[in-house]
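See below for the structure under consideration.
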There are 2 protein chains.
Amino acid sequence: MGPIRSMLSKSDVTEQQWRVLRVVEEEGPIEPTRIADQACLLLPSLTRILQKLEEKQLIVRERDKVDRRKQVVQIAPAGAELIAANLAASVELMNGVRDRMGPDRYEALLDLLNELDGIDDSSR
Amino acid sequence: MGPIRSMLSKSDVTEQQWRVLRVVEEEGPIEPTRIADQACLLLPSLTRILQKLEEKQLIVRERDKVDRRKQVVQIAPAGAELIAANLAASVELMNGVRDRMGPDRYEALLDLLNELDGIDDSSR
DNA sequence: CCGCTTTGCTAAACATGTTAATTAAATTAC
DNA sequence: GTAATTTAATTAACATGTTTAGCAAAGCGG
């Protein structure tokens, strides 16, 4: 089990749940379509993950008052605590990967992946 | 749906099934642990994929005669035909991605991903 | 020769990715 | 004002990734 996954399993969240929580905590209140975009997830996958996070009482969902097609998602106190408890360690693990690879090469990898992503999109 | 996935769905195989078929066709007769290694798949995932390919009669599996823990996997005639029917088109699609990105950048991306993979392995 | 360890593969269970379809709500066009 | 279209989210179904556990077979050490 990877180091981040192992750390998160102690707080009973998966990597994808963590990524979604991070987006909600940093940019909330936020709508699901925007979370999906930010977290690079398809909506059906996100819906299921949000349902799990709601069940675990880490987020709160409510209907938008102006446009009732939409939802507003916010972090719950328990979710904020979980992030506070794990953020430093997860940043450190990511920094460890970046340092072992070398910051320049790490950035180059991210750039190339984004470029590939752009190629995928434009060929559809 | 991505171009390769779309093409393959006409032959009723998924991308992962295709990748496994390719390994079996190129390196068969071959054992599952080696397929898993070559195709970057975990064994339980591979076992299920092989079961599907066997069900579709695209491969044949039999017990190794010397070491009965092991299996030998071979391409079946229908599997060879499916590969023959799709190989040129899939290579062309991959070449299209490489050309749009530029061969140097494409190779750089593969190198950096392999390097990252090495970092993952050594930190466990 | 026997008990223990290792290896190869499978099964179960859960999470997530994906596609297609559906429902409800808003917008647009006439 | 109404019908058609678009948008936001969900559901269903299937495939696959992952972890854990289990079983059978082979290898190793004493």
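Letters A, B, ... are given to chains in the order of the sequence lines, protein chains preceding strands, and every chain is numbered from 1.
Nearest heavy-atom pair, Val60(B) versus Ala76(B), reported as atom, atom and distance to 0.1 Å: CG2-CB, 4.1 Å. For Gln57(A) against Ala78(A), the heavy-atom pair with the smallest separation is O-CB, 3.7 Å. Contact record, Leu87(B) with Trp18(B): N-CH2, 3.9 Å, taken as the closest heavy-atom pair.
Clustering ILVMFWY residues whenever any of their side-chain heavy atoms sit less than 4.5 angstrom apart, transitively, puts Leu116(A) in the very cluster that holds Met94(B). In the hydrophobic clustering of ILVMFWY residues, with side-chain heavy atoms under 4.5 Å counting as a link, Leu43(B) and Val72(B) come out apart.
If Cys40(B) and Ser45(A) are placed on DNA chain D by their nearest nucleotide, the residue sitting closer to the 5' end is Ser45(A).
Contact between the side-chain N/O atoms of Thr14(B) and the OP1/OP2 oxygens of dC14(D) is not found at any separation under 4.0 Å. OP1 or OP2 of dA25(C) has not a single side-chain nitrogen or oxygen of Lys70(A) nearer than 4.0 Å.
Heavy atoms of Leu41(B) sit under 4.0 angstrom from primed sugar atoms or phosphate atoms, though from no base atom.
Sorted by residue number, the members of residues 15-36 of chain A with any non-hydrogen atom under 4.0 Å from DNA chain C read Gln16(A), Gln17(A). For the contact set between residues 56-67 of chain B and DNA chain C, defined by any heavy atom under 4.0 Å, the members are Arg61(B).
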Before giving the answer on side-chain hydrogen bond (donor to acceptor under 3.5 Å, both in side chains), spell out for Arg48(B) and Gln51(B) the whole-Å C-alpha distance, their side-chain angles and the decisive distance to 0.1 Å.
CA-CA 5 Å; Arg48(B) 209 165 35 200; Gln51(B) 285 168 349; over 6 Å; no

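For Arg5(B) and dA15(D), the CZ to C1' distance is 10 Å, given to the nearest whole Å. Across the protein-nucleic acid pair, Leu50(A) atom CG and dT16(C) atom C1' stand 13 Å apart, rounded to whole Å. Distance CD (Gln51(B)) to P (dT10(C)): 6 Å, rounded to an integer number of Å. Put simply, CG on Leu43(B) is 15 Å from P on dT16(D), counting in whole angstrom units. With rounding to whole Å, Leu8(A) atom CG is found 15 Å from dT18(D) atom P. For the pair Gln71(A) CD and dT23(C) C1', the computed distance is 14 Å after rounding to whole Å. Summarising the geometry, the separation between CD1 on Ile49(B) and P on dT16(D) is reported as 5 Å, rounded to the nearest angstrom. Taking atom CG of residue Asp12(B) and atom P of nucleotide dT19(C), one finds them 15 Å apart after rounding to whole Å.
In this structure, the nucleotide among dT19(C), dC9(C), dA26(C) sitting nearest to the side chain of Pro44(A) is dT19(C). Closest to the side chain of Arg48(B), out of dG17(D), dA8(D), dA11(C), is dG17(D).
Atom CZ of Arg19(B) has more than 12 neighbouring heavy atoms from other residues, nucleotides or ligands inside a 6.0 Å radius. Atom CD of Glu27(A) sits in a crowded spot, with more than 12 heavy atoms from other residues, nucleotides or ligands closer than 6.0 Å.
Side chain of Asn114(B) to backbone of Leu110(B): a donor-acceptor contact under 3.5 angstrom is found.
Judged by atom type and distance alone, Arg68(B) does not reach the base of dG8(C) through any side-chain donor-acceptor pair under 3.5 Å.
Of the candidates Leu53(A), Ile83(A), Leu58(A), Leu82(A), Ile83(A) is the only one forming a side-chain contact (heavy atoms from CB on, under 4.5 Å) with Ile75(A).
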